[in-house]
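First the structure, in the form of structure tokens, and then the observations on it.
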Amino acid sequence: MMSNGLDSGVVGQQNGSSGNSVGGGQEESKTNLIVNYLPQTMTQEEIRSLFSSIGEVESCKLIRDKVTAGGTVGWPNSINSPEKMDSEVPGVMTSPLLTGQSLGYGFVNYHRPEDAEKAINTLNGLRLQNKTIKVSFARPSSEAIKGANLYVSGLPKNMTQQDLETLFSPFGRIITSRILCDNITVRQFVSGAGENLPGLSKGVGFIRFDQRLEAERAIQELNGTIPKGSTEPITVKFANNPSNNNKSIPPLAAYLTPQATRRFAGPIHHPTGRFRYSPLAGDLLANSMLPGNAMNGSGWCIFVYNLAPETEENVLWQLFGPFGAVQSVKVIRDLQTNKCKGFGFVTMTNYDEAVVAIQSLNGYTLGNRVLQVSFKTNKSKTT
DNA sequence: CGACGGGACGC
DNA sequence: CGACGGGACGC
């Protein structure tokens, strides 16, 4: 129950008749939902499609990272050409295609309240890829609910998420709670193991309150106090702002092997699945299954044509990196002039991500050139 | 319009 | 010792 990673109690509380005594007394929407823990690769249209299975969707919005220099789009530079800056790639930073990675949450607004409630009942807790999504009513956006996330450390190792909520609940409505523990992947992927082999608590956790004022009061009342049955005081403070962290730049060692790369790019996908209904994907698959083609055993090789003569590897990293795990890039150059011969190759680990990259980047205008992107064929001058 | 590399003997 | 989730309120 708790150990499945879903947050407790939130849905019922928000939909209940409990007086929303805090804040400005805004009436909460009965049609607008917030969807959290979406898989990284899920698009707004895929979300809309999923939620349309419940009822007529009035609007749907996936929140994406606002593109900032040095953000996730440019991360692969650090392995290949650290000296290259994003600004050397005309069009990339401003293209709608690449304006920001999914932040993993979004909003779905239904026409009818009963559909919204049905969506919560049927889609909350749904497992998508490596995630378990959370569907709950959205709160009215306001300044008062921002910055209400607390970081708690010094927790006794035997304290459960339930215990943590009990400790903090006197100070306000808890939106989420979490205790960090080791081997979290084991808990997510091995059925039953979550119950039998809970990860060891790291003694730190998070509490998100509905209102910032509630969080402030919890800090005042609980910081430095010793929980019942423990011997050391806990520290309670505001959590770091996730937009300021640098988790999007994993350690260099992560790139050394394909196995390590996968850990930062989601689960391993199979060539069927969520794209099987796409006629385009079907064509791409058929093509790539010809002998000696894109799949070389450790990734999917993609042919990129119409690159400018001065193109360097970082351009390919920036173009393809946002779509998933990129194993390698190569700009093919003339041996005499050292200028790009107009094409290059990109090897991606996961088929699904390669398909999305091809569909997204084929026809994309880079500078004043329209790129052609496809799985590599076995054409060669020497055969 | 054009158009698919280069490295590479371990299991 | 410190430790910052599975980027939670419209990027």
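Numbered from 1 within each chain, the chains take letters A, B, ... in sequence-line order. Since the model is a prediction, treat every value here as computed from it, not as a measurement.
With hydrogens and angles ignored, no donor-acceptor pair under 3.5 angstrom links the side chain of A/Lys341 to the base of B/dA3.
Here A/Phe303 lies in heavy-atom contact (under 4.0 Å) with a base. Among the atoms of the strands shown, only primed sugar atoms or phosphate atoms (P, OP1, OP2) are found under 4.0 Å from some heavy atom of A/Leu180. Within the nucleic acid shown, A/Ser102 comes within 4.0 Å of at least one base atom, counting heavy atoms only. A/Tyr105 comes within contact range of the sugar-phosphate backbone alone, with a heavy-atom separation under 4.0 Å but no base atom that close. Among the protein residues, A/Asn109 comes within range of no part of the nucleic acid, since none of its heavy atoms lies under 4.0 Å from any strand.
For the pair A/Met42 CE and C/dG7 C1', the computed distance is 17 Å after rounding to whole Å. Put simply, CG on A/Leu62 is 14 Å from C1' on C/dC9, counting in whole angstrom units. Here the P atom of nucleotide C/dG10 and the CG atom of A/Asn36 are 13 Å apart, to the nearest Å. Atom CG in A/Leu307 sits about 14 Å away from atom P in B/dG5, given to the nearest Å. Distance CG (A/Leu38) to P (C/dG10): 16 Å, rounded to an integer number of Å. As a whole-Å value, the separation of A/Asp182 CG from C/dC4 P is 12 Å. Rounded to whole Å, the distance from CG on A/Leu316 to P on B/dG5 is 15 Å. Atom CZ of A/Phe107 is separated from atom P of C/dC11 by 9 Å (rounded to the nearest Å).
Here A/Glu56 pairs with nothing under the salt bridge (charged side-chain N to carboxylate O under 4.0 Å, His left out) rule; sequence neighbours left out. With sequence neighbours left out, the side-chain contact (heavy atoms from CB on, under 4.5 Å) criterion links A/Lys202 to A/Leu180, A/Asp182, A/Val204. Applying the side chain to side chain donor-acceptor pair (under 3.5 Å) criterion to A/Lys330, with sequence neighbours excluded, gives no partner residue. The side-chain contact (heavy atoms from CB on, under 4.5 Å) test applied to A/Thr166 returns no partner, not counting sequence neighbours.
Side chain of A/Arg139 to main chain of A/Ile145: no donor-acceptor pair is present (N/O by atom type, distance under 3.5 Å, no hydrogens or angles). In terms of modelled atom types and a separation under 3.5 Å, the side chain of A/Glu313 and the main chain of A/Val331 share a donor-acceptor contact. With hydrogens and angles disregarded, a donor-acceptor distance shorter than 3.5 Å links the side chain of A/Asn306 to the backbone of A/Val370.
Put simply, A/Lys202 has no side-chain N or O that comes within less than 4.0 Å of OP1 or OP2 on C/dG2. The phosphate of C/dG7 (OP1 or OP2) has a side-chain N or O of A/Lys131 nearer than 4.0 angstrom. In this model, the phosphate group of C/dA3 is not approached by any side-chain N or O of A/Lys157 to a distance below 4.0 Å at OP1 or OP2. In this structure, A/Arg208 reaches the C/dC9 phosphate: one of its side-chain N or O atoms is under 4.0 Å from OP1 or OP2.
Listed nucleotides: B/dG5, C/dC4, C/dG10. Nearest to the side chain of A/Phe206: C/dC4. Checked against C/dA3, C/dC9, C/dG7, the side chain of A/Gln40 finds its nearest nucleotide in C/dG7. Out of B/dA3, B/dG5, C/dA8, the shortest distance to the side chain of A/Gln372 is found at B/dA3. Taking the side chain of A/Ser153 as heavy atoms from C-beta on, and the options C/dA8, C/dA3, B/dG5, the nearest nucleotide is C/dA3. When each of B/dC4, C/dC11, B/dG5 is scored by its nearest atom to the side-chain atoms of A/Lys61, the top-ranked nucleotide is C/dC11. Minimum atom distance to the side chain of A/Tyr305 is reached by B/dA3, of the listed C/dG5, B/dA3, C/dC9. Taking every side-chain heavy atom of A/Lys134 into account, C/dA8 is the closest of C/dC11, C/dG10, C/dA8.
One C1' atom belongs to C/dG7, the other to C/dC11, and the distance between them is 11 Å to the nearest Å. Using atom C1' as the reference point in both C/dA8 and C/dC4, the two lie 15 Å apart (nearest Å).
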Using the ring pair (Phe, Tyr, Trp, His ring centres under 6.0 Å) rule, take A/Phe238 and A/Tyr151 through it: C-alpha gap first, then chi angles, then the decisive distance, then the call. CA-CA 6 Å; A/Phe238 284 111; A/Tyr151 175 80; over 10 Å; no
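Taking 90° from 0 as the syn/anti boundary, the base of B/dG7 is oriented anti.
A heavy atom closer than 4.0 Å to some atom of DNA chain C occurs in A/Lys237, A/Ala239, A/Asn240, these being the qualifying members of residues 232-240 of chain A.
The hydrophobic cluster containing A/Tyr305, built from Ile/Leu/Val/Met/Phe/Trp/Tyr side-chain heavy atoms closer than 4.5 Å, also comprises A/Phe303, A/Ile332, A/Phe343, A/Phe345.
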